[in-house]
Amino acid sequence: MIKNYQKVIPLAALFLVSVHVQAQIQTKAQTDSTKTKNIEEIKITLGSRNKARVATDTPVPVDVINIGAQSVMTPQMDLNQILNYAAPSFTSNSTTVADGTDHIDPAQLRGLGPDQVLVLLNGKRRHTSSLVNVNGSPGRGSVGTDLNALPAFAIERLEVLRDGASAQYGSDAIAGVINVIMKRNTNALTAAITAGGFNSNGANDHQGGWDGAKYQVDLNYGVGIGKKGFINFTASLMKRDETRRAGTATGSIFNAYNAIEQRALENGVNLSSLFGNIGSTPNQQQIVDYIHQYAQGVNYFSPSFQSQIQNTNNISGLQGILGADFTENELAYRGLTRNDFNMRVGQSRLTSGQFFMNSQFDLSDSVQGYAFGGISYRSGNAGGFFRRPNVNRTPTSIYPNGFLPEIASDVIDLSFAAGVKGKIGNVNYDISNTFGQNTFDYTIKNTANASMLFPSKTEFDAGGLSFSQNTINADFDTKVDWLEGFNIAFGGEARFERYKITSGEQASWALYNTSGTVSSPDDQKPTDFFGAVRPGGAQVFPGFRPENSLNKGRRSVAAYLDTELDVTDKWLISGAVRFENYSDFGSTFNYKIATRYKLTDQINIRAAHSTGFRAPSLQQIYYNTTSTQFVGGTAYEVGTFSNDSQIAKSLGIPTLKQERSMSFSAGITTKIPQANLTITVDGYYIKIKDRVVLTDQFLRPSGTYPAGSSEFNLQREFDKANANAATFFTNAIDTQTKGLEGVISHRAKFSPKVSLSSDLAVTVSRTNRIGNIRGSDLLINAGQINRYYSEMSRVYLEEAIPRFKASLNNSLEVSKFSFLLRNVYFGKVTDPNTMDVNGDGKIGYQIINGSVVETEHPVWGGKIITDLSVGYKFTKNFILTIGANNLFDIYPDRNLGPATVQRPSMNSSGEVVYNAAAPIDLSNQNQFVYSRNVSQFGMNGRFLFTRLNFNF
């Protein structure tokens, strides 16, 4: 029954799409049908400087999403996820095991980057996050705006402008603009208490049951000030627990040395304390004697293996013996199971508190003042890769069973805007100042610096990031009396930005030598028993080094002119120009032209053309650190180097410059009043030049070179950063994006107590690189073009989020009951994990069930997620809602397990033969049952919730 139901929904959706040719969404779930307004009646503040323009009257598409109504019925609790299910052009999902990106969700519009959509709050530019997404996730290399810093309960509606708007609003508006309009309610206290959790077969590492509990309390209160003024407050508290979606850990966990070491520890002997560099320690014989002594206490060693150990009297010989796998025996001895070594894969832990205010007040009869803003604090905790006891990253003296390191974050986001507005003659004016700041501080817990001679410290202050932005705006608009229907707006903006990196404590980043002091390149490094050098810094996230610390700023000034003219009652044209100058890369000039024509009273056609730009963020220009990243299951200490670093100059990495865009859009809107039906269709084309990307890892040069040579100096730069690989930000490529989006909305009222609102929407988009890869001639000439812009980077840019997405929303009101039924189809995505194990850009091959199968990347199929909520209005002041997100407990396709990569070659007879390369396991020893790199809708399964709404 369920399977058949799931098949019917996409077929119905596709049928309607084929008939009406459309794609995108305007969600208007209402809890009281008497309050429902048609979308045409809402005056918009976005996309048009003419404040009298309504949403369906604009020459470019603008969606209006009623967040106030959504907060009653929708299962989603944060702004990113509300938008992810309400607007198909919008994509955002929580990541897992991705360092800081576990705590701030990247959000994308029209398939472009998180930093290519501009966010406004009450029409004023919102600051971005201080975090750069450098780990594996969609939006890799970008810096986005943290929408979850805004409490959804403080928001009245969202206006989503789906068109390039840099000429109107400045940098970042290549994909569009999201304007968040805050509540203005007065004389009412509203509250919501929500509790829920994941009730899923995949919960608790696939043992089923409940996990990931979420609790949230929201309050909103407003009072009037004077004749027309108001002040509105919102407070929100939220706590969520982790979810666990790893599979039972496979692979080797304990070797013979771990078993002997454990017996020694049980008898008060710490073998790890007896050696630093195993090749130079003066007491090798003592170590050998201890191994001989305590090996006898491992009762599952066979007599022949015991004899082999006892007859070996040197370290090098024992190293060749004691690496043997004894995982199952040692698990039984220690009373552990393989599940004790599972990673925390899924939703991270989070606690947050938010307080926001919105106000407007009369300063005189003709002048109004306003102020708004707030503060958001979040404390997060996410897990990294499990450090097993048989690896050199684990100091077994304090973690004999290995450890799961944790990244704890403290994210503080604050903003405040104030201004005055009024009218002088026929000219409206608005003068304002907006300040915003985002700080992200790291504390690494349950970890260790493995290079310390006597590791004991398990928690480190790893430093932090800070970004602040202050924007001064002067905006003016007027209607020209001598030309009816002509509106003109003009103004200027000055923006000041600052980016800071604060270093962590020494032990969080240092690589120590065998003397216990900070190591220089020529020092001897501590090793484990097998001679592998122990890495420095806090495991999972080495802290920011003093060399990483910085305090950089820039400023920009801009002037714009924006006009609209109703040439006739049917024909509207508009145009805008903007000049902007940045202190760090120069000037840019952009323009936009748009038109709308009424074919009939019910049918409009519209079109627009614009140029745009995005200034590279200060974070992309200056971010630099060394972090532990796992690529294909192998750990690398990856240094992200700024463009002004010596290593970047040595490799010829060009200085960053602005991205430039050109976009075209055209669409049609139709209203059928007799059927209460509205249809919109819009197509678009966006070309972006000099797009900023984060390169793949360039490995440290191997070998020995004479002092003073370029290779020798390059090696020293890697060593100074404690890195064995390097990445850079660069303007490497040009891209084009094509898409189609629209919506069918239907409103029906069957009786005074029964009404139905339905919205069907679809978006189809495709982004791909055009032209050649540009960058460092040195690296490209050295055959490193596939590292400069790799196949993995291509997939993240082009295929890591759904290129097809559709939603069908139905909101039914029956007397005191409210029903929300929503189906969202998330199209297929491609995993950036590749069979291209040597980075040459060629296709790989797998052996599956004994057959050679050609493969490029895993592709995870599209899925339908169903939301169902039921609300009952006991009184006009009290509503109870129960419901579910992902009602049918749908998960993404499962990851690929271990496989053997094959390479084709020609033998002397001209026949194709396959040569085995390294094995690959995309599931990382069964920990990533579902991909951690891409996720259409998450990997948490069914979420059940209940919510109480109060209104006094």
Side-chain angles (χ1 to χ4, degrees), residues 6 9-10 13 23-31 63-94 105-111 117 138 147-148 150 152-153 155 157-158 160 162 178 180 194 196 198 212 214 216 240 347 741 743-745 757-763 801-802 804-811 818-827 829 862-871 881-892 935-945 947:
Q6 292 175 350
I9 295 298
Q24 174 73 36
I25 186 166
Q26 296 166 343
T27 301
K28 293 282 293 172
Q30 295 285 351
T31 59
D63 294 330
V64 180
I65 301 173
N66 189 327
I67 297 296
Q70 293 264 341
S71 65
V72 176
M73 296 295 293
T74 184
Q76 290 73 36
M77 298 168 66
D78 60 66
L79 189 54
N80 266 338
Q81 283 305 297
I82 290 174
L83 276 170
N84 193 36
Y85 280 80
S89 288
F90 182 92
T91 301
S92 178
N93 272 300
S94 298
D105 302 338
Q108 300 176 248
L109 191 65
R110 282 185 162 180
V117 55
L147 287 171
N148 284 344
L150 302 172
F153 211 67
I155 300 170
R157 70 181 190 273
L158 294 177
V160 182
R162 295 181 277 113
I178 298 174
V180 181
T194 307
F198 293 96
K214 292 184 179 181
Q216 185 163 313
R240 77 180 189 198
Q347 172 181 277
E741 54 194 9
V743 63
I744 295 178
S745 296
S757 298
S758 300
D759 298 282
L760 172 65
V762 180
T763 183
I801 64 171
F804 179 84
K805 190 177 174 185
S807 66
L808 178 60
N809 288 260
N810 295 283
S811 179
S818 300
F819 301 89
L820 171 66
L821 174 63
R822 173 165 56 203
N823 288 274
V824 181
Y825 177 78
F826 295 89
V829 296
K863 306 286 183 180
I864 296 174
I865 304 301
T866 301
D867 291 353
L868 176 64
S869 300
V870 180
T881 305
I882 59 173
N885 164 238
N886 196 353
L887 179 65
F888 300 113
D889 201 21
I890 303 299
Y891 277 85
S935 177
Q936 301 110 304
F937 49 87
M939 59 173 73
N940 291 310
R942 180 194 299 112
F943 178 76
L944 303 179
F945 80 100
R947 178 179 295 132

Check your understanding: Just how far is it from atom CG of Leu820 to atom OG of Ser811, taken to the nearest 0.5 Å?
Key -> 6.0 Å

Revision key, fill the gap. In terms of heavy-atom contacts, Phe945 and Thr74 come closest through CZ-O, 4.0 Å

Check your understanding: Quick one: CG on Asp867 to CG on Leu821, what's the gap to the nearest 0.5 Å?
Key -> 8.5 Å

Check your understanding: Is a side-chain N or O of Lys805 found less than 3.5 angstrom from the main chain of Asn84, in a donor-acceptor match?
Key -> yes

Check your understanding: Would you say the ring centroid of Phe804 lies under 6.0 angstrom from that of Tyr825?
Key -> yes

Exercise for review: Check the pair Arg240, Met77 against side chain to side chain contact (heavy atoms under 4.5 Å, CB included), reporting the backbone distance first and the verdict last.
Suggested key: CA-CA 11 Å; Arg240 77 180 189 198; Met77 298 168 66; over 6 Å; no

Exercise for review: Could you grab the distance from atom OG of Ser71 to atom CD1 of Ile82, nearest 0.5 Å is fine?
Suggested key: 7.5 Å

Check your understanding: Rounded to the nearest 0.5 Å, how far apart are CG of Asp63 and CZ of Arg157?
Key -> 13.0 Å

Check your understanding: Within a radius of less than 6.0 Å around CD1 of Ile882, do more than 12 heavy atoms belonging to other residues, nucleotides or ligands occur?
Key -> no

Point to revise | Non-hydrogen atoms of Asn885 and Pro75 that approach each other most closely | key: CB-CB, 3.6 Å

Point to revise | Donor-acceptor pair, side chain of Gln347 and main chain of Met939, under 3.5 angstrom | key: no

Exercise for review: Determine the minimum heavy-atom distance between Ala884 and Ser869, stating which atoms define it.
Suggested key: N-OG, 4.5 Å

Practice item. Check Gly212 against Phe198 and note the closest heavy-atom contact, atom names and distance. Key: O-CD1, 3.6 Å

Review point. Should Leu109 and Val160 count as side-chain neighbours, where that means a heavy-atom distance under 4.5 Å?
Key: yes

Check your understanding: Among side-chain atoms of Lys863 and Asn886, is any donor-acceptor pair under 3.5 angstrom?
Key -> no

Exercise for review: Show your working on side chain to side chain contact (heavy atoms under 4.5 Å, CB included) between Gln216 and Phe153 and close with a plain yes or no.
Suggested key: CA-CA 11 Å; Gln216 185 163 313; Phe153 211 67; over 6 Å; no

Revision key, fill the gap. Tested for side chain to side chain contact (heavy atoms under 4.5 Å, CB included) against Leu158, the lone hit among Leu147, Leu79, Val64 is Leu79

Point to revise | Closest heavy-atom pair and its distance - Val829, Ile801 | key: CG1-C, 3.5 Å

Review point. To the nearest 0.5 Å, what is the distance between CD1 (Ile864) and CG (Leu887)?
Key: 13.0 Å

Exercise for review: State the CD1-CZ distance between Ile178 and Arg162, to the nearest 0.5 angstrom.
Suggested key: 11.5 Å

Point to revise | Close aromatic pair by centroid cut-off 6.0 Å: Phe90 and Tyr85 | key: no

Exercise for review: Grab the two heavy atoms, one from Ser758 and one from Asn810, that are nearest each other, plus how far apart they are.
Suggested key: OG-OD1, 2.8 Å

Practice item. For side chain to side chain donor-acceptor pair (under 3.5 Å), just list the numbers for Arg947 and Thr194, CA-CA rounded to whole Å, side-chain angles, deciding distance to a tenth of an Å, and then say yes or no. Key: CA-CA 4 Å; Arg947 178 179 295 132; Thr194 307; 2.8 Å; yes

